[in-house]
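A, B, ... follow the sequence lines: proteins, then strands. Residue 1 opens every chain.
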Amino acid sequence: MKITINVWRQKGAQASGRLVKYQVDHVSPDMSFLEMLDILNQQLISKNEEPVAFDHDCREGICGSCGVMINGLAHGGQLATTTCQLHMRSFKDGDEITVEPWRAKAFPVIKDLVVDRGAFDKIIQSGGYISAGTGSAPDANSTPIAKENADLSFDAAQCIGCGACVAACPNASAMLFTSAKIAHLGLLPQGQPERKSRVLNMVATMDAAGFGGCTNIGECSAACPKEIGLHFIGRLNRDLLSATIAGGSSVD
Amino acid sequence: MTTETKPQVETRKPVEYTDARLNANAPAGPLEQKWSKHKFEMKLVNPANRRKHTIIVVGTGLAGGAAAATLGEQGYNVKAFCYQDSARRAHSIAAQGGINAAKNYRNDGDSVQRLFYDTIKGGDFRAREANVYRLAELSVNIIDQCVSQGVPFAREYSGYLDNRSFGGAQVSRTFYARGQTGQQLLLGAYSALSRQVAAGTVQLNERTEMLDIIIIDGRARGIVTRDMVTGEIESHLGDAVILATGGYSNVYYLSTNAMGCNVTAAWRAHKRGAFFANPCYTQIHPTCIPVSGDHQSKLTLMSESLRNDGRVWVPKEKGDARSPDKVPEEERDYFLERRYPSYGNLAPRDIASRAAKMVCDAGQGVGPGGLGVYLDFSAAMKRLGENTVRARYGNLFDMYERITGENPYKVPMRIYPAVHYTMGGLWVDYNLMSTIPGMFVGGEANFSDHGANRLGASALMQGLADGYFVLPSTIGNYVATGGYSQVDSSHPAVAEAVNAVKDRIQKFLTINGTRTVDSFHRELGNIMWEYCGMSRTEEGLKKALTLLPALREKFWSDVRVLGSGNELNQELEKAGRVADFIELGELMVRDALERGESCGGHFREESQTEEGEALRNDDEYCYVAAWEHFGDPSQAVLHREQLQFESIKLATRSYK
Ligand SMILES: Cc1cc2nc3c(=O)[nH]c(=O)nc-3n(C[C@H](O)[C@H](O)[C@H](O)COP(=O)(O)OP(=O)(O)OC[C@H]3O[C@@H](n4cnc5c(N)ncnc54)[C@H](O)[C@@H]3O)c2cc1C
Ligand code: SF4
Ligand code: FES
């Protein structure tokens, strides 16, 4: 197939960017989207033009490195699929595709399609853990956990931190990401002692990082490659409410 | 177990090697007591003094992430580094199937002793007993630790932890979290690390690549890094350096590893004096999605756990082009069940891969180019129902369908072996210290525990054992023993290393050749796969030894790296990695040539039994090959650490 792509090119964080049109011939339907970008880059280098920078690593849909807007949709809009798992068989010969970086105030562009998602790490650092020192753990089977809770906790724990939820949200809110961690830990007995301080601190950090507020639009969950459910945001809100009523403050 | 096959080669007198540079430092005494005795005898650092000591940890995968978090928790001043934009993205995240532990929750006869034995046997008797025993012992603490951190392992309806079986074992000791065990374990380590970042004990440097190591007075005292966003070259000094930088499967270009996995940190350390052990021991995983075309940039693993319920087969007839459902039962060759009746589809990886290669070489392979075999779930679907199969493997089936466009609930998967893991790595002693004092190596980057073949679900176990338990103890001992002086960045060794890094980067940017970095990487991969892949011959290896130096020369005169060093420059990053891979490739080939026996993942065609099984030669090769660098890989000098088996008897490894 032949594909025309318009790629966002931006030299650096301070530079201004623009869409540049390229033609990629010999695209096989079995190629992944990133392999198509590889071919474009090989082409550019042979013409002495700088290749397009984009983040990627595992190419298996699990590390969360990749992620671009494809025709305006985070990860290309295919159900439960990261950019690296999107294959060219979902496009047609002659298609024109527009590729842009995540757009969010809290995710500044570094170069071309690469953005800085460090704000996600900050949110986790503010409480996305259970304080269990190495070596202090009791036997793993000493606390049975109901399978439904363990499974639900797992559903939330699958978040890969890709940022598509933020990119897809008109408010650039990070609620889905944050709620996934709150739910993962809050559904386990081990996560109870820090449950209140966790939600207060993580939400405060999220707000301070410049993410927008949640107005229940639901684009986040639709774009999420791990299908993290909107109901987790409900859990976060309930935890937040009960922690606030309990008179918690965001510093513990 | 029995010895069915007699060696076909002439056996010479057993050789015993001793090499003063390779003291394993394993404590004396009975195997079961070595680690507890060692822990008691090791020196401790007063908690109040720990923050005065800086530990540099390169890598935030299971090994590095766990080590950095634990050392931070203990109060050390930790500086951690990774090349991804977040510590959570280290390649450990991609591990699917599970993690072993001798918990014996099934009451099926498992024990530390059995896990130890399985691991030594699985490694074809090429690992060090003392290290492996400790690994088996620590396996039980790992599961406890992870559960307390909130790792959501699979559970049964009773609420207790579930287990599954993996290759090379007859007990069910593998803990798992659907098909995303590595992800959940890494997120556990990452959360512990994040807690320490917040506490101020760990300073995390993402998008920062280590490009050299700084040696002062014979000890590792720091590293040189490049900030991958600004291009700034910096030095970092400390009391000790831990490398936990993962494996080097990407020397083959196509592998199941992430695109960025590299040997650079280990190779730079090797060039500064760390011995590289058993570089030729690589693991080819039997169940990967076959290559679909020249555009292929990486290969995708289908977890070994699938072999619990999937049956591997090819048509008996050569070149049978019928669709799989048209091949009647009696015309199918379930070659693993046929050749290895007691382990069947769960034969260890090296054996299953080679068996697949043999049937494909014989013309029975399926799919494009005949490079594939079926992994068929129809029997399991009948026995268990589609829902149970979906619950067990749903995400793997979905992934398969996304990549191939075929629905594995309807047609059997097609699979083929692919490079997956490297047992070789930097040589370390019992304390996980390399031949450079003060430089420790953990996880896949060291050579330590898996001998010539790693069993499934054992890498995660090893990474976490190293990171949570071993390194935090042995680093403390090293720091407490002291004997080294304060250093600062004005030391000439610092400037020397920094300038070496800068010169190299300048060199890449000014060659201005005609070929892309990727084209060299592909060519390297082809050479390695062809001559140093699933099966190796003296002739082929010698051929590779002429091709690789020529490739290296071409690379350094004809590579094209555009852009500058002061910005995000992914081609520049790749160029540095590929340059190191080319050199490593040569050392791997030399190692493979030197090891005239077959063992585990290393199969020398000259050394096989009549049935085509690997033929080990304990009289001559019962050693760890540790290479010392001199100028370039063709000059590297071989040192040998004799392996002593005191608790286990050397035996032919059989899974029949
Ligand atoms: C697809 C797949 C599935 C697997 N499944 C299983 C399984 O089910 N069970 C099992 O036991 N094992 C499995 N393995 C093996 C196992 O995942 C790995 O061996 C293990 O996770 C390696 O962990 P590590 O900490 O040593 O390295 P990694 O997780 O690879 O981490 C390496 C770290 O080093 C950093 N790094 C590397 N080079 C540099 C540099 N130059 N400068 C700075 N930082 C650097 C990286 O950023 C990263 O943080 C699997 C492997 C693969 C590829
Ligand atoms: S919630 Fe979904 S979209 Fe958001 S970061 Fe996690 S995996 Fe990505
Ligand atoms: S590259 Fe890892 S999720 Fe896409």
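For a residue to count as touching a neighbouring chain, one of its non-hydrogen atoms must lie under 4.5 Å from one of that chain's; by this rule A:N48 touches chain B with backbone and side chain alike. For A:H184, the part sitting under 4.5 Å from any heavy atom of chain B is the side chain, from C-beta outward, and nothing else. Interface remark: A:R59 contributes backbone and side-chain atoms alike to the contact with chain B (heavy atom separation under 4.5 Å). Neither the backbone nor the side chain of A:S32 comes within less than 4.5 Å of any heavy atom of chain B. In this structure, chain B has a heavy atom under 4.5 Å from the side chain of A:D38, while its backbone stays farther away. For chain A, the nearby part of B:S158 is the backbone; its heavy atoms alone come within less than 4.5 Å.
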Problem set entry | Working for side-chain contact (heavy atoms from CB on, under 4.5 Å), residues B:Q296 and A:D30 | CA-CA 9 Å; B:Q296 194 97 26; A:D30 287 332; over 6 Å; no
For this session: Walk me through it: do B:R155 and A:D151 pass the test salt bridge (Lys or Arg N to Asp or Glu O under 4.0 Å)?
Result: CA-CA 8 Å; B:R155 288 179 185 267; A:D151 284 351; over 6 Å; no
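Ion pair A:D121/B:R88 not flagged as a salt bridge, since none of the NZ, NE, NH1 or NH2 atoms sits closer than 4.0 Å to an Asp/Glu carboxylate oxygen. Using a cut-off of 4.0 Å between Lys/Arg side-chain N and Asp/Glu carboxylate O, A:K147 and B:D162 are scored as not salt-bridged.
Open room surrounds OH on B:Y160; 12 or fewer heavy atoms of other groups in view lie less than 6.0 Å from it.
With hydrogens and angles left out, the side-chain atoms of A:R117 and B:S86 include no donor and acceptor closer than 3.5 Å. Side-chain contact of A:Q190 with B:Q149: a donor-acceptor pair under 3.5 Å is absent, judged by distance alone.
Side-chain N or O atoms of A:D57 include none that pairs as donor or acceptor with a backbone N or O of B:A258 at under 3.5 Å.
When the candidates A:N141, A:I45, A:I62, A:I145 are compared by the number of heavy-atom contacts under 4.5 Å with chain B, A:N141 comes out ahead. Comparing B:I403, B:T300, B:D518 by how many heavy-atom pairs each has under 4.5 Å with chain A, the most go to B:I403. Among the candidates A:G128, A:P51, A:G64, A:S153, the residue making the largest number of heavy-atom pairs closer than 4.5 Å to chain B is A:G64. The most heavy-atom pairs under 4.5 Å with chain B, out of A:D55, A:L185, A:L188, come from A:D55. Top candidate by heavy-atom pairs under 4.5 Å with chain B, chosen from A:G161, A:G191, A:G118, is A:G161. In terms of heavy-atom pairs under 4.5 Å with chain B, the best-connected choice from A:G127, A:S131, A:S90, A:A80 is A:S131. Between chain A and the residues B:V147, B:V151, B:L204, the largest count of heavy-atom pairs under 4.5 Å involves B:V147.
Shortest non-hydrogen contact noted between B:R207 and A:V114 is NH2-CG1, 3.4 Å. Annotation for A:Q125 and B:A198: closest pair O-CB, 3.3 Å, computed over non-hydrogen atoms.
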